[in-house]
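Input: a single structure, listed below in structure tokens.
All values derive from a computational prediction rather than experimental measurement. Values below: every heavy atom of this structure, side chains too, minus hydrogens, waters and symmetry copies.
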Protein chains: 2
Amino acid sequence: MMELTRKGEYAIRGMIYLARQAPGKMALISEIAEATEVPPTFLAKIFQNFAKLGLVNSYRGTGGGFMLGRPASRITLREVVEAVEGPIIPNRCLMGSGACDFDKQCNVHPVWRRVQGQVVQILESVTIEELARDTK
Amino acid sequence: MMELTRKGEYAIRGMIYLARQAPGKMALISEIAEATEVPPTFLAKIFQNFAKLGLVNSYRGTGGGFMLGRPASRITLREVVEAVEGPIIPNRCLMGSGACDFDKQCNVHPVWRRVQGQVVQILESVTIEELARDTK
DNA sequence: CACCTTTAGGACCTGTTTTGTCTTTTATAG
DNA sequence: CTATAAAAGACAAAACAGGTCCTAAAGGTG
């Protein structure tokens, strides 16, 4: 249960790679993909989406590439994970109203909410900058 | 991310239903399935597995059916969830050794461990008995 | 302008997992 | 022996994961 998909894993690795670049330095998909051991075309898809969300900035043509859309210290792990995996929702019931018939009389609901709250809080408290810091 | 599957949802509903029966009273799959709005054959599969694990006791033949394998107060939500969904593991890396090349130098690892710990702790602290209590 | 580089977008594909169904077998009570 | 229920296993549709591939568009460069 609760497994991050490969896409999520790849996304995080890619973002960490970008965070480790010199400020203003552009990184190519091919370069990132190789360094992080991710299939290039797959990573491209992930980053294309991130560009739309503003998590990264992309530039085409010679000398183009990707860089973070914001300082790494202002990008949380939660943002990255939710951008690829969708919202953190342990149970469908927590989504739209009426999604769950048992909504009112269900004691499990509040438990899922607690789980959701805890996980979100943890992921929210971690920035890409921290993750990118040297591990000695 | 982190969504419980239908199977997990069904399993919990089924266990709660059993917990609400008078002690020693047997419940049929057909009866549980109808009450919880779960496809009978699907629920049967889930409970067959639970019987093996001792989460429920099953009896064949006339007057047979299912009952909890232990008092509801000694069955945690964690047990039920892990029985259907497998272990709570936010990232594959947390599994077998060597599953992750980036094992040593990866700052994300400890974050997933925290997530895992929190979720397990929450689910562990909730028993089926609590979930089965009347909601007024 | 022509050409090269690099991302953007979309169609497509394959394998696995989810969410079941159906049929046959086995155990048990009466 | 017969009716009842669960056990077991084969099967299958649909959704999702995890990619690939091809064409287009944008931006430099001579």
Task: Given D:dA7, C:dT6, C:dA8, the nucleotide with the shortest approach to the side chain of A:Leu28 - done: C:dT6
Open item on the list: For B:Val120, is there any backbone N or O sitting under 3.5 Å from a side-chain donor or acceptor partner on B:Arg78?
Closed with: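 No, B:Arg78 side chain to B:Val120 backbone: no donor-acceptor pair under 3.5 Å.
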- [ ] Please confirm whether the backbone N or O of A:Leu4 pairs with a side-chain atom of A:Glu9, one donor and one acceptor, at under 3.5 Å?
- [x] no
Interatomic distance, [X] [atom1] vs [N] [atom2] [rounded to whole Å]:
X       : N      : atom1 : atom2 : answer
A:Ile29 : C:dG9  : CD1   : P     : 13 Å
A:Lys52 : C:dA8  : NZ    : P     : 9 Å
B:Glu9  : C:dT18 : CD    : P     : 15 Å
A:Phe66 : C:dT6  : CZ    : C1'   : 9 Å
A:Ile46 : C:dG9  : CD1   : P     : 15 Å
A:Ile32 : C:dT7  : CD1   : P     : 8 Å
A:Gln48 : C:dG10 : CD    : C1'   : 10 Å
B:Glu37 : C:dG20 : CD    : C1'   : 17 Å

Task: side chain to side chain donor-acceptor pair (under 3.5 Å) against B:Thr127, all qualifying residues, sequence neighbours excluded - done: B:Glu130
Task: Which residues share a side chain to side chain donor-acceptor pair (under 3.5 Å) with B:Glu129, sequence neighbours left out - done: B:Arg133
Task: Listed once per pair and sorted, the salt bridge (Lys or Arg N to Asp or Glu O under 4.0 Å) pairs that draw on residues 46-58 of chain A, sequence neighbours left out - done: none
Open item on the list: Going by salt bridge (Lys or Arg N to Asp or Glu O under 4.0 Å), name the pairs with one or both residues in residues 56-77 of chain B, residues two or more places apart or in two chains.
Closed with: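 The answer is B:Arg70-B:Glu79.
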Task: Partners meeting ring-ring contact (aromatic ring centres under 6.0 Å, His included) with A:Tyr59 (sequence neighbours left out) - done: none
Open item on the list: Enumerate the ring pair (Phe, Tyr, Trp, His ring centres under 6.0 Å) contacts for residues 22-44 of chain B, please, sequence neighbours excluded, ordered by first and then second residue.
Closed with: B:Tyr10-B:Phe42
Which atom pairs link the protein and nucleotides 27-29 of chain C when you take only N or O atoms and keep those under 3.5 Å?
residue	atom	partner	partner atom	Å
C:dA27	O4'	B:Arg60	NE	3.3

- [ ] Using a 4.0 Å cut-off on protein heavy atoms (strictly under), produce a 5'-to-3' string for nucleotides 15-21 of chain D with B for base contact, S for backbone-only sugar-phosphate contact, and - for none.
- [x] ---SSB-
Open item on the list: For B:Glu34, give me all partners under salt bridge (Lys or Arg N to Asp or Glu O under 4.0 Å), at least two apart in sequence or on another chain.
Closed with: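 B:Glu34: no salt bridge (Lys or Arg N to Asp or Glu O under 4.0 Å) contacts found.
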Open item on the list: Does C:dT6 have OP1 or OP2 under 4.0 Å away from a side-chain N or O of A:Ser30?
Closed with: no
